[in-house]
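Note that ligands are numbered from 1 as they come in the structure, with each ligand's atoms numbered from 1 the same way.
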Amino acid sequence: MFKTAMKFAIPTAVLSMSPVVAMAAENLAQDDFVGISFWLISMALVASTAFFFLETARVQAKWKTSLVVSGLVTLVAAVHYFYMRDVWVATGDTPTVYRYIDWLITVPLLMIEFYLILRAITNVSGGVFWRLTIGTLIMLIGGYLGEAGYINVTLGFVIGMAGWAYILYEIFAGEAGKVAANDAPASVKSAYSTMRWIVTIGWAIYPLGYFFGYMAGGASMESLNIIYNLADVLNKIAFGVIIWNVAVQESEAKA
Ligand SMILES: *C/C=C(C)/C=C/C=C(C)/C=C/C1=C(C)CCCC1(C)C
């Protein structure tokens, strides 16, 4: 049944993107490096999506959901990158609202991955899932209200940082962290620990961008967008590759 579903899912995903691809950015200038980075990354996201979906055929049933979620993250991001790329190429503006809509969907999905990889190897409570989701919402809603000017910029930053701190607490010292430390086999432990460092170091790029872009008033919109784009390669594609790697290793170990 899963295979049949995937047979439809892949062409559907590709077809749903093609009109957006076709109408994209007629006039990308050869020295518009931010625009070029939007192009490169949107294509890398499409390719990663196909890869994660196809590779589900290779892993044990209990790992398939993790790979599907990785593919959904890159799919949702790819579509947003098409729009962001157009906004940038056409206007030179920072596509803030598209970024946040993308984050609102992809960041909770990335958080679910922590729950899923632990769930594949042992019993974890649904509380882990809910705490990570709530932390994500607080982080993103605070940040958006601040960036969009609905609340004071500093207040938005503080609320956003509190949400992120809550996530870090859960994955390092909370129930999720304890389960990973005590019950996980070596390959899952190492994947979990790399994922955790991505959420610490890789994710730190976004609040730094917010700080320099809106509070310290220093960063140019060019550098801000290039930095966010590169961060997404690490936080979405590389994050998915780590999960793919542990799923394949664990499936082959048990085969
Ligand atoms: C794929 C996109 C990802 C992983 C985006 C992550 C975004 C963040 C970790 C944003 C964090 C923020 C803060 C911690 C405080 C200030 C406001 C935000 C939203 C930029």
Side-chain angles (χ1 to χ4, degrees), residues 37-38 40-42 44-46 48-49 52 69-85 94-115 131-172 194-219 221 223-243:
S37 78
F38 273 115
L40 279 172
I41 292 162
S42 55
L45 287 164
V46 172
S48 310
T49 304
F52 293 136
V69 172
S70 294
L72 291 178
V73 167
T74 51
L75 173 65
V76 169
V79 176
H80 283 91
Y81 262 79
F82 298 147
Y83 285 97
M84 293 202 284
R85 186 178 72 186
T94 295
T96 307
V97 69
Y98 291 114
R99 280 229 195 260
Y100 270 89
I101 296 172
D102 171 74
W103 291 356
L104 201 55
I105 301 171
T106 56
V107 179
L109 288 172
L110 292 168
M111 290 284 88
I112 289 173
E113 295 281 29
F114 280 97
Y115 173 74
R131 284 191 295 274
L132 292 173
T133 305
I134 289 166
T136 307
L137 290 178
I138 293 173
M139 178 178 87
L140 295 179
I141 292 171
Y144 186 71
L145 294 179
E147 274 199 53
Y150 290 109
I151 58 174
N152 175 279
V153 175
T154 310
L155 177 62
F157 186 75
V158 171
I159 296 174
M161 292 298 280
W164 184 36
Y166 188 53
I167 293 171
L168 291 174
Y169 173 80
E170 175 64 33
I171 58 181
F172 277 92
T194 314
M195 286 159 64
R196 189 155 75 171
W197 284 109
I198 289 185
V199 171
T200 313
I201 313 283
W203 285 25
I205 296 168
Y206 307 97
L208 284 172
Y210 182 107
F211 181 79
F212 287 110
Y214 296 92
M215 293 163 75
M221 285 304 135
S223 40
L224 196 68
N225 277 287
I226 292 238
I227 290 169
Y228 275 2
N229 289 357
L230 293 176
D232 281 352
V233 174
L234 173 70
N235 297 326
K236 295 189 165 75
I237 300 179
F239 195 88
V241 169
I242 292 164
I243 290 160

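Counting only non-hydrogen atoms, the option in Val199, Val107, Leu234, Val153 that gets closest to atom 3 (C) of ligand 1 is Val107.
Taking every heavy atom of Asp232 and a limit of under 4.0 angstrom, the matching atoms of ligand 1 come to 1 (C), 2 (C). Heavy-atom proximity to Tyr100, at under 4.0 Å, picks out these atoms of ligand 1: 19 (C), 20 (C). Within the listing of ligand 1, atoms 14 (C) sit less than 4.0 angstrom from a heavy atom of Trp164.
Of the protein's non-hydrogen atoms, the one nearest atom 17 (C) of ligand 1 is Gly143 CA, 3.6 Å. For atom 4 (C) of ligand 1, the closest non-hydrogen atom of the protein is Trp203 NE1, 3.5 Å. In terms of protein heavy-atom proximity, atom 13 (C) of ligand 1 is nearest to Pro207 CB, 3.8 Å. For atom 2 (C) of ligand 1, the nearest non-hydrogen atom of the protein is Lys236 NZ, 2.5 Å. When hydrogens are left out, the protein atom nearest atom 16 (C) of ligand 1 is Phe157 CD1, 3.8 Å; that is the closest non-hydrogen contact. For atom 10 (C) of ligand 1, the nearest non-hydrogen atom of the protein is Tyr206 CB, 3.6 Å.
In this model, no donor atom of one side chain and acceptor atom of the other lie less than 3.5 Å apart for Asp102 and Tyr81. In summary, the side chains of Asp232 and Tyr206 do present a donor paired with an acceptor at a separation below 3.5 Å, with no hydrogens or angles considered. Between the side chains of Tyr210 and Glu147, no donor N or O sits under 3.5 Å from an acceptor N or O. Side chains of Asn225 and Arg99: a donor-acceptor N/O pair is present below 3.5 angstrom, by distance only.
Counting only heavy atoms from C-beta outward, the side chains of Trp103 and Thr136 never approach each other to under 4.5 Å.
A cation-pi arrangement, defined by a distance under 6.0 Å to the six-membered ring centre and an angle within 45 degrees of its axis, is absent between Arg131 and Tyr166.
If you look at Val73 next to ligand 1, there are no close heavy atoms at all, none under 4.0 Å. The proximity of Glu147 to ligand 1, defined as any non-hydrogen pair under 4.0 Å, does not occur for either the backbone or the side chain.
The aromatic rings of Tyr98 and Tyr83 sit parallel to each other, their planes meeting at less than 30°, with 60° as the upper class boundary. Aromatic ring orientation, Phe172 versus Trp197: perpendicular (interplanar angle above 60°, classes split at 30° and 60°).
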